[in-house]
**Student:** 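I'd like to ask some things about the structure below.
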Protein chains: 2
Amino acid sequence: MTTPPQTAPRRATITDVAREAGTGKTSISRYLNGEMNVLSPELRARIEAAIARLDYQPNQMARGLKRGRNRLIGMLLADLTNPYTVEVLQGVEAACHALGLMPLICHAANEVEMERRYLQLLTTYRVEGVIVNALGVREETLRPVGGGGIPAVLVDRLVDGLSADMVGLDNRAAAELGTRHLLDQGFDDIWFVVQPFEQVSSRQLRELAFRDAMQAQNAARAHTLVLDLADTAAVERSLAELDRAIEAGGGDRVMGKAGNQGNADTSGTTARVALFAANAPVALRLALHLKGRYGAGWQTRVALLSIDDPDWAELAGITTIRQPTYEIGYRAVEFLHERIEGVQSTARDCLLPGELIVRASTSR
Amino acid sequence: MTTPPQTAPRRATITDVAREAGTGKTSISRYLNGEMNVLSPELRARIEAAIARLDYQPNQMARGLKRGRNRLIGMLLADLTNPYTVEVLQGVEAACHALGLMPLICHAANEVEMERRYLQLLTTYRVEGVIVNALGVREETLRPVGGGGIPAVLVDRLVDGLSADMVGLDNRAAAELGTRHLLDQGFDDIWFVVQPFEQVSSRQLRELAFRDAMQAQNAARAHTLVLDLADTAAVERSLAELDRAIEAGGGDRVMGKAGNQGNADTSGTTARVALFAANAPVALRLALHLKGRYGAGWQTRVALLSIDDPDWAELAGITTIRQPTYEIGYRAVEFLHERIEGVQSTARDCLLPGELIVRASTSR
DNA sequence: CTGTTAGCGCCTTCAG
DNA sequence: CTGAAGGCGCTAACAG
């Protein structure tokens, strides 16, 4: 109760504490680092008191400078607007917490240039490692990091030419799961809608797996539609194409595979159309459009399934494939931590399964 | 020149660059700090070359240690799951970027204990200032920060007993705007739904302003319902209460004000019920419930208006009051920056207006 | 214009 | 068990 804090009192340093405790800096340092067995209980008590009295808190920067590790790791995020990202982040934070790491979160807001700059900034702060979930990072961009000795772990997407640990959804299995569900429900004209592929490997993988799954099932009508959310005009055109297909009850374009084998199929009869969104942002855009066109009950008119399970999915009644986001984040940090501690194995992949959540939109 | 650096090539230091450029460290430092007018073009060129050759990047930690400022600011966030938070963050990042600051983002995930710990951690990293959007931070918790000389700016909520700059929505005006809109649309039995007030001043302010607005309009039926999203059972009970009110077409509880003055009111006739959500998380919970109970077209059955404008609002067709989130974040950083630069004025408030966005749910 | 000399706050030998 | 001395990478006076 005797602490009238008055004028911006310079924060106490280790020297202050040493003086206050009537000892040398070394002992304070030892205390801070938990080397209790090397301190007499008496000294230890004095130090404790001094620290409390001065409200001393060791300067992480100085410690980092000295021993070369500051417990900071970089977390480069392409898009915090995507619920997926936030969820992954929760796992990252939990793991960091458990491992005594501090994540430096950088949000590139879908701008490749930003990503580059942040990456550079991170090295400047001498982070011990980096977790990357970026849009356009190429091998060269990551050179100063992955190459320069700073360990890196990729989340959700690979970087071509870079060999690093990666953790994310098992895209192939997820796309198969979704496709099969739609086919099982009797949909036979499926449109896979995805953002421009760019450097994002997961988009490519999902689309590829979708096509493969369709082919494996001898399903005739597999379409892929690229939706560039950043380009309004392009979006309009793409959606118009979709409308035509939906309203024709099938549409005449058939991209998926070549031949329809013996399987009973629906050629001739009206096809049942379903939309397969590659992720939540796409799904939202589609839902908005469908609602505008078919009204409140659009879910019963056209089937929509999406990878990602944003909080509004339940509200909109769309079927989803939920990613184990928390675990993805957690594992990423664990991987990174191992690398920081010196593990040298070749690049590892950790592919986690998604979970199908069926809702009104696809259950007749 | 002896051993080609093969394993984890230690990052180049200023000393390395000096040697490489055949000069002293001081000149390098001068170069780094842009004191070009004090360097001969010749030397400058040599330095430039050396830096490029060594891929040198100054160590921010060391710089910070030396000059006492590391350009780091703390950003304490109560809930990244709330779109509001992410939007504010975008403004923060933009401003930081413009001012050469680096935000250290800490996500407390609605846990008061986490907030305390992060705040402490931030001081440990010697951040130059802190932007706080927390759930349960009280004056004492912020003592090591606001009191200990580190400037702090509050976002969206005040901290009792602490005098610091604050920026956020003009809650009173927003609540009035919403209330008036509902009344104008002919709703006369309005339920304000809000999370437990706890230490969150904005929740209290909104509720208070709502009641005041109702009273000013001589509107008889003003109710306040507290929805504790963290407590499933409690939520169920609260929602059941709401259902009763909605289905009675009015309900018998009247909490708002005491007397109904001369104004024409609806007593006797069936009242038109409307729900006023204090923020997006509440609105989402309400929407989910209403959809479950009244089906896809629930928006036409019961009116829902919410402060906050999450991306699914358009999809759900609910009326909202959009906050100037980006600007809130931007201003917060500007305030903080001024404080860091030494501005000493008394605590300032920056209240920004919200914007009403009318959608199906409240427009008959 | 340029280099030398001290530290910033802390940790780490290395002698007591 | 304890303390003194040196240095991490960088900047900030002072000399030249």
Side-chain angles (χ1 to χ4, degrees), chain A residues 9-48 50-51 54-72 100 123-128 148-149, chain B residues 8-48 50-51 54-72 123-128 148-149:
Chain A
R10 199 188 83 278
R11 270 210 157 305
T13 80
I14 200 174
T15 311
D16 300 330
V17 179
R19 193 181 332 97
E20 179 80 14
T23 177
K25 304 195 295 179
T26 314
S27 296
I28 311 298
S29 176
R30 293 210 175 97
Y31 177 88
L32 293 179
N33 292 300
E35 300 171 33
M36 300 311 187
N37 44 346
V38 208
L39 292 175
S40 66
E42 196 275 325
L43 214 204
R44 183 175 152 181
R46 265 165 42 218
I47 294 180
E48 225 143 43
I51 287 184
L54 267 43
D55 186 29
Y56 168 70
Q57 298 185 230
N59 182 328
Q60 284 300 332
M61 300 305 181
R63 310 182 96 179
L65 183 58
K66 183 64 200 161
R67 45 180 182 194
R69 42 167 34 194
N70 52 197
R71 316 290 44 211
L72 248 31
T123 74
T124 253
Y125 276 101
R126 295 297 188 271
V127 293
E128 297 182 36
Chain B
R10 204 188 80 275
R11 271 208 156 307
T13 80
I14 200 174
T15 310
D16 300 330
V17 179
R19 193 182 334 99
E20 179 80 14
T23 176
K25 304 196 293 180
T26 313
S27 297
I28 311 297
S29 177
R30 292 212 175 94
Y31 176 87
L32 294 179
N33 293 299
E35 300 171 34
M36 300 309 187
N37 45 346
V38 208
L39 292 175
S40 67
E42 196 274 325
L43 214 205
R44 181 175 154 181
R46 261 161 49 216
I47 294 179
E48 225 143 42
I51 287 184
L54 267 42
D55 186 30
Y56 168 71
Q57 298 185 232
N59 183 330
Q60 284 299 333
M61 298 307 179
R63 309 181 93 174
L65 184 58
K66 182 66 203 164
R67 47 179 177 192
R69 43 168 32 195
N70 52 20
R71 315 286 51 206
L72 248 31
T123 74
T124 253
Y125 277 102
R126 295 298 187 271
V127 294
E128 297 182 37

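From a predicted model like this one, the values you see are computed outputs, not experimental measurements. Throughout, a chain's letter reflects where its sequence line sits, starting with A, and its residues are numbered from 1.
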**Student:** Any side-chain heavy-atom pair from A:Asn59 and A:Arg11 closer than 4.5 angstrom?
**Tutor:**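 No. Closest side-chain heavy atoms not under 4.5 Å.
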**Student:** Which parts of residues 63-72 of chain A get close to DNA chain C, meaning a heavy atom less than 4.0 angstrom away?
**Tutor:**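 A:Arg63, A:Lys66 - these, ordered by number, are the residues of the stretch whose heavy atoms sit under 4.0 Å from the strand.
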**Student:** Return the CG to CZ distance between A:Leu32 and A:Arg63, rounded to the nearest 0.5 Å.
**Tutor:**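 If we round to the nearest 0.5 Å, A:Leu32:CG and A:Arg63:CZ are 5.5 Å apart.
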**Student:** I'd like to check the side-chain hydrogen bond (donor to acceptor under 3.5 Å, both in side chains) partners of B:Arg44; sequence neighbours left out, ordered by chain and number.
**Tutor:**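 Expected list: none.
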**Student:** May I ask you to say what B:Asn37 touches in the nucleic acid, namely base, sugar-phosphate or nothing, with a heavy-atom cut-off under 4.0 Å?
**Tutor:**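 Sugar-phosphate, no base atom in range.
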**Student:** Provide the closest heavy-atom pair for A:Arg126 versus B:Pro58 in the form atom of the first, atom of the second, distance.
**Tutor:**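 Heavy-atom minimum between the residues: NH1-O, 4.0 Å.
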**Student:** Measuring from atom OG1 of A:Thr13 to atom CG of A:Leu54, what distance do you get when rounded to the nearest 0.5 angstrom?
**Tutor:**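 Between A:Thr13 OG1 and A:Leu54 CG, I get 9.0 Å after rounding to 0.5 Å.
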**Student:** Who pairs with B:Arg46 by salt bridge (Lys or Arg N to Asp or Glu O under 4.0 Å), at least two apart in sequence or on another chain?
**Tutor:**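 Counting only residues at least two positions away or on another chain, B:Arg46 forms a salt bridge (Lys or Arg N to Asp or Glu O under 4.0 Å) with B:Glu42.
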**Student:** Applying salt bridge (Lys or Arg N to Asp or Glu O under 4.0 Å), name anything that partners B:Arg71, two or more places apart in sequence or on another chain.
**Tutor:**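 Residues passing salt bridge (Lys or Arg N to Asp or Glu O under 4.0 Å) with B:Arg71: B:Glu128.
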**Student:** What are the two closest non-hydrogen atoms of B:Asn70 and B:Tyr125, and how far apart are they?
**Tutor:**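 Closest approach of B:Asn70 to B:Tyr125: ND2-O, 3.1 Å.
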**Student:** Could you give the start and end, 5' to 3', of the contact zone on DNA chain C for chain A, using atoms under 4.0 Å from its heavy atoms?
**Tutor:**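 Reading along DNA chain C, I get C:dG9 to C:dC14.
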**Student:** State, yes or no, whether a side-chain contact exists between B:Tyr56 and B:Ile47 at a heavy-atom distance under 4.5 Å.
**Tutor:**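 Contact flag for B:Tyr56/B:Ile47 side chains = no.
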**Student:** What is the 5' to 3' range of DNA chain D, first to last nucleotide, that sits under 4.0 Å from any heavy atom of chain A?
**Tutor:**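 For DNA chain D, the relevant span reads D:dC1 to D:dG9.
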**Student:** Quantified in whole Å, what is the P atom distance between nucleotide D:dG6 and nucleotide C:dT5?
**Tutor:**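 Their P atoms lie roughly 15 Å apart.
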**Student:** Sort by first number and list every stem of DNA chain C: at least 3 consecutive Watson-Crick or G-U wobble pairs, both distances under 3.5 Å.
**Tutor:**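 Paired runs of 3+ in DNA chain C: C:1-4 with D:13-16, C:6-16 with D:1-11.
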**Student:** If each of B:Arg126 and B:Ser40 is mapped to the nucleotide of DNA chain C with the nearest heavy atom, which maps nearer the 5' terminus, i.e. the 5' end?
**Tutor:**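 Looking at the nearest nucleotide for each, B:Ser40 comes out on the 5' side.
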**Student:** Not counting sequence neighbours, which residues clear side-chain hydrogen bond (donor to acceptor under 3.5 Å, both in side chains) with B:Asp16? List them please.
**Tutor:**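 Checked B:Asp16 against side-chain hydrogen bond (donor to acceptor under 3.5 Å, both in side chains); matches are B:Arg10, B:Arg19.
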**Student:** So which of residues 21-31 of chain A are in contact with DNA chain D, with a heavy-atom cut-off of under 4.0 Å?
**Tutor:**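 Of all residues in residues 21-31 of chain A, the ones placing a heavy atom under 4.0 Å from DNA chain D are A:Thr23, A:Gly24, A:Thr26, A:Ser27, A:Arg30.
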**Student:** So, using salt bridge (Lys or Arg N to Asp or Glu O under 4.0 Å) as the criterion, who are the partners of B:Arg67 when residues are at least two apart?
**Tutor:**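 If we apply the salt bridge (Lys or Arg N to Asp or Glu O under 4.0 Å) test to B:Arg67, skipping adjacent residues, there are no hits.
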**Student:** Roughly how far, to the nearest 0.5 Å, is OG1 of A:Thr124 from CD of B:Gln60?
**Tutor:**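 Result: 5.0 Å between the selected atoms.
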**Student:** Identify every side-chain donor-acceptor pair in residues 21-31 of chain B under 3.5 Å, counting partners at least two apart or on other chains, and give the distances.
**Tutor:**
{"unit_1": "B:Ser29", "atom_1": "OG", "unit_2": "B:Asn33", "atom_2": "ND2", "d": "3.4"}
{"unit_1": "B:Tyr31", "atom_1": "OH", "unit_2": "B:Glu48", "atom_2": "OE2", "d": "2.7"}

